[in-house]
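Report on the structure given below.
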Amino acid sequence: MLKLIKGGEVYSPDYLGQKDILLTNDKIYLIADEINIDNFSIDIDVIDAKGDFVVPGFIDSHVHISGGGGEGGFSTRTPEINLSTLTTSGITTVIGCLGTDGVTRSGEDLLAKTKALNEEGITAYMYTGSYSFPIKTITGEIKKDIILINEILGIGEFAISDHRSSQPTIEQVKQAAAKARVGGIISNKAGIVNLHLGDGDKQLDYLENIVENSELPRKQFVPTHINRNEKLLNRGLKYALKGGLVDFTTSTTDEFLEDGETKCSKALKKFIDEGVNINNITFTSDGQGSLPEFDKNGDFSGLGIGQVSSLFKEVRDAVLDEKIDLSEAIKVITTNPARNLQLKNKGELAQGKDGDLVILDSENLKIKTVIAKGQIMVENSEILQKGTFE
Ligand code: ZN
C-alpha cells in the first residue's frame, strides 16, 4: 500500500531538487527532502531513485486504443493496444479515439476498451465520435454522452481540411462544438473538441472562422497533426501566437519527414523561439493508427502502426538535441494536456495528486520505472503488470 521513492531529482515538472516521495494507495501523500520510515511498523516498498530523475506520468491524449486504420482495406485494420505498450512508454493516462472508420468501429467498443485499461491499472478516457459529421454518439446525443458517461471528455477526432473528412460546413462544426461545451459545463469536464487537420488547403480557416464568429472560446479546440506539413505548421504558429492550443503528432515515418512533416522536437523548438507560450503546446502519439511504409524506390511496401513510444522519444530529443530544459519540455505531455482536459489530479507531482510517475535514467533519459495510480507497472525496464491477454 505504501511506496517510498527515495532520493530522486524531482521535476514536478518544475525542478524541486533531490526529494523523497511517499505514495499511499493511489495518491502522492508527501514530497519532502527526507522521509524517515525507520519507525514505521508496516511494510513499505522502497524504490531507490538516487541519481535518477523523477517526472509525472505521461498523458497521451490521442491514441486509437481500440485499433485504427483500415484505410487500405479490411486487412489493414490495426489491432487494439496492450497495457504494457503504454506503460513501457511511460504513459499512465491515455485518451482513446476513433478515426476514419466510424462504421466497423464503434463508440461502444472504444468505451469498453477504455474501461478495460482502467481495470488493468492505468487511467483512460475517450472522445465520442469519429472523423465524420453528424457525430455518432453512444446515447444518441453529444451532450448526453459527455454528461452521463464518466469516461467521455469531449468529441473527436473530428476531421476538417481532409479528403477523408465528411466535408462539414463551418456551421456544423460550430453546432457540434457548442453541444460539447454545454455537456462539459454541466458535467465539470473539458468538453474539448479534438480536431484532426488534414493536408487540405483550408487548413485552420474553419477554426479561425469559428472562434472569431461565435462565443466559443479558442481553448475549447485542440487541433492536431499541426506538424504534418510546413504550411500547416506556419499557420499553426500564427494560431498559437493568438492564444490557440496546438497539438503535434509524434508518430511518423522517414517518408513523412522527407515529404515535409516536421519532427516534433524541432517544431517545439521553433514555436518556443517564435514566442509561443509552451503551455499552449501538447504532443500526442496518434498511437495504433496505421502508417503507410514505402521501399527505397518510393513504392508502397506495407503498413506500420503508430507507436506510443514516440511520445516521450520526441520530448527526450527536445531535451538532448534541441537543448530545451527537461522541466519545460516535459510539460507538453504532463501539465499541458492535464490543463486542457481538466484532469485536476494528473500531470503534476504534488501532494494529493494521483500517484502517477516515471523514473528516468539521468544519463540518457531512458525510462526505467513507471508507477500508475500507486502501482508499479514497470520496474528497471521489467514489466511487472501485464494486460489480461499479454
Ligand atoms: Zn488524425
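First listed ligand is number 1; within each ligand, the first listed atom is number 1.
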Sphere of radius 2.8 Å around the Zn ion (ligand 1) - protein N, O or S atoms inside: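 Hits for the Zn ion (ligand 1) below 2.8 Å: Glu157 OE1, His196 ND1, His225 NE2.
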
Nearest-0.5 Å distance, NZ of residue Lys270 to SG of residue Cys264: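 One finds 14.0 Å between NZ of Lys270 and SG of Cys264.
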
Note, Pro337 side chain near Phe283 side chain (heavy atom, < 4.5 Å):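 SC-SC contact between Pro337 and Phe283 ruled out.
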
Pair Thr388-Glu120, side-chain donor/acceptor within less than 3.5 Å: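 Checked: Thr388/Glu120 side chains pair up, N/O donor to acceptor below 3.5 Å.
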
Expected output: side-chain Asn213 to main-chain Asn209 donor-acceptor under 3.5 Å: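 Side chain of Asn213 to backbone of Asn209: a pair is present.
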
N/O donor-acceptor pair under 3.5 Å between Lys174 side chain and Thr169 backbone: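 No, because the side chain of Lys174 does not come within donor-acceptor range (under 3.5 Å) of the backbone of Thr169.
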
Pair Phe158 and His196, ring centroids less than 6.0 Å apart: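 For Phe158 and His196, the ring centres are not under 6.0 Å apart.
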
